[in-house]
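Small disclaimer: the values here were computed from a predicted structure and weren't measured. Basis for what follows: all heavy atoms, side chains included, without hydrogens, waters or symmetry-related copies. Residue numbers begin at 1 in each chain, while the letters A, B, ... track the order of the sequences.
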Amino acid sequence: MLVDGAGSAEAAMRAATATVPQRLLAWYDRHARRLPWRSPPGTPPADPYRVWLSEVMLQQTTVAAVAPRFARLLARWPSVAALAAAPLDDVLHEWAGLGYYARARNLHACAQAVAAAGGFPDTEAGLRALPGVGDYTAAAIASIAFGRRAVVVDGNVERVVARLFALEQPLPGARPTIRRLTDTITPDLRAGDFAQGMMDLGATICTPRAPACALCPLREGCAGFASGRPEAYPVKPPRAAKPQRLGTAFWLTRGDKVLLVRRPAKGLLGGLLALPTGPWSDAAPGLDGAPAAARWRLLDGTVQHVFTHFRLTLALATAAAPSDGLAPDAIWWQADRIDEAGLPTLFARAAARFREDT
DNA sequence: TAGCCGTGGGA
DNA sequence: TTCCCAAGGCT
């Protein structure tokens, strides 16, 4: 059995669980967060384009970070057709600083597929086939924008459900169980409001560290609350330490311009403009991989950056470009307009340091 | 399937 | 400082 305890206590728990959707929806009707991409509970659903756009932007990204960028992106491309017609480069540029840049590439590809089809598919399976739309996003759009019943499981729902049932099985192995349990508490009607309510609950009450159980509409019947340590759920495996890598970023000037490179289309920071760097390895590479033979000068200090799975420390080297020996496809960018290059954060910070140096 | 893929903020 | 975390998807 999934629920700890025995006898009448377990029966009471099951009875309480049966009322989860009603209690959650009632709570959502009173406490729904007002968000730029959301239509309030009880009003017609939001435009699928806005729902899709917000869901992609919100993947692994906080509401606070997304809100201003969502407004900017929507103002620039008010429809999926407008976004589809934009050059990919413009989309990547607009995405600069948001991270996970494959999202921007998939966003553009998805917009083109949807525009060509004349609109968004209105089924979960149809949505799931679009680039950048996985299980979560397909279920979210199907329920929120199209009113369909779908089982929506994001990190918030995962946490709420793991606590509700005090699941002892650690992630990620517990995911199939969590999905099954979420299915059992998802209502046939208002599945979109239910999903958004669960996410709001997870974001504001059933938080990762110190859940505010006193305010929770699902406290009664919550096995995690009953256990006395709800924050222990979901159980997670120990995390591996991040390796440290070292590299050098090069600031090569020619007059008032600086050399940029286009990174390979896929992989880390794929397709973005960047400063040239040598190899990133576990030993300081010095001037290895410099874009030209020149009188390089090392700046004091470094730029540190943390990626998902490693830390990077970049030394900073600068020089004036020689008159020859440079790749013909070199990108020379006006140095005092480097902020407009759409550099990812790591290189934007390095560039700021170089510009302070002069 | 588990590793890859950013960034900023909070404790 | 360090660690954790945030509306995941792709391969």
J.: Using every non-hydrogen atom in the two residues, find where A:Pro291 and A:Leu259 come nearest and quote the distance to one decimal.
T.: CB-CD2, 3.7 Å
J.: Determine which pairs satisfy ring-ring contact (aromatic ring centres under 6.0 Å, His included) with at least one residue from residues 112-148 of chain A, sequence neighbours left out, and list them in order.
T.: A:Trp52-A:Phe120
J.: A:Pro121 versus A:Leu130: any side-chain heavy-atom pair under 4.5 Å?
T.: yes
J.: Between A:Arg159 and A:Asn156, is there a side-chain donor-acceptor contact under 3.5 Å, judged purely by atom types and distance?
T.: yes
J.: What distance, rounded to whole Å, do you find between the two P atoms, one in C:dT11 and one in B:dG6?
T.: 14 Å
J.: Provide the start and end nucleotides, 5' to 3', of the part of DNA chain C that has atoms under 4.0 Å from heavy atoms of chain A.
T.: C:dC3 to C:dC10
J.: Would you mind telling me which residue lines up with the more 5' stretch of DNA chain C, A:Thr207 or A:Arg128, judged by nearest nucleotide?
T.: A:Thr207
J.: Less than 4.5 Å apart, side chain to side chain, heavy atoms only: is that true for A:Arg38 and A:Asp200?
T.: yes
J.: What's A:Ser54 touching, base or sugar-phosphate or nothing? Going by heavy atoms closer than 4.0 Å.
T.: nothing
J.: Can you find a pair of side-chain heavy atoms, one from A:Arg149 and one from A:Thr186, that are under 4.5 Å apart?
T.: yes
J.: Is it the case that the ring center of A:Tyr100 lies less than 6.0 angstrom away from the ring center of A:Trp95?
T.: no
J.: Would you say the side-chain atoms of A:Asp282 and A:Gln244 include a donor-acceptor pair closer than 3.5 Å?
T.: no
J.: Expected output is a numbered-order residue list: members of residues 30-38 of chain A with a heavy atom under 4.0 Å from any atom of DNA chain C. What is it?
T.: A:Arg33, A:Leu35, A:Trp37, A:Arg38
J.: Along nucleotides 5-11 of chain B, 5' to 3', which nucleotides get a B, which get an S, and which get a -, given that the test is a protein heavy-atom distance under 4.0 Å?
T.: BBBS-BS
J.: Got a sec? Which of residues 148-159 of chain A come in under 4.0 Å of DNA chain C, heavy atoms?
T.: A:Asp154, A:Gly155, A:Asn156, A:Arg159
J.: With a 4.5 Å limit on heavy-atom distance, are the side chains of A:Val152 and A:Ile144 in contact?
T.: no
J.: Distance between the P atoms of B:dC5 and C:dA7, in whole angstroms?
T.: 23 Å
J.: Mind listing the closest non-hydrogen atom pair of A:Leu316 and A:Ala350 along with its distance?
T.: CD2-CB, 4.1 Å
J.: Please determine, by modelled atom types, if A:Gln304 and A:Thr313 share a side-chain donor-acceptor pair under 3.5 angstrom.
T.: yes
J.: Sequence neighbours left out, what passes ring-ring contact (aromatic ring centres under 6.0 Å, His included) with A:Phe307? Give chain and number order.
T.: A:His305, A:Phe310
J.: Could you check A:Phe250, A:Trp251, A:Phe347 and say which one makes a ring-ring contact (aromatic ring centres under 6.0 Å, His included) with A:Phe354?
T.: A:Trp251
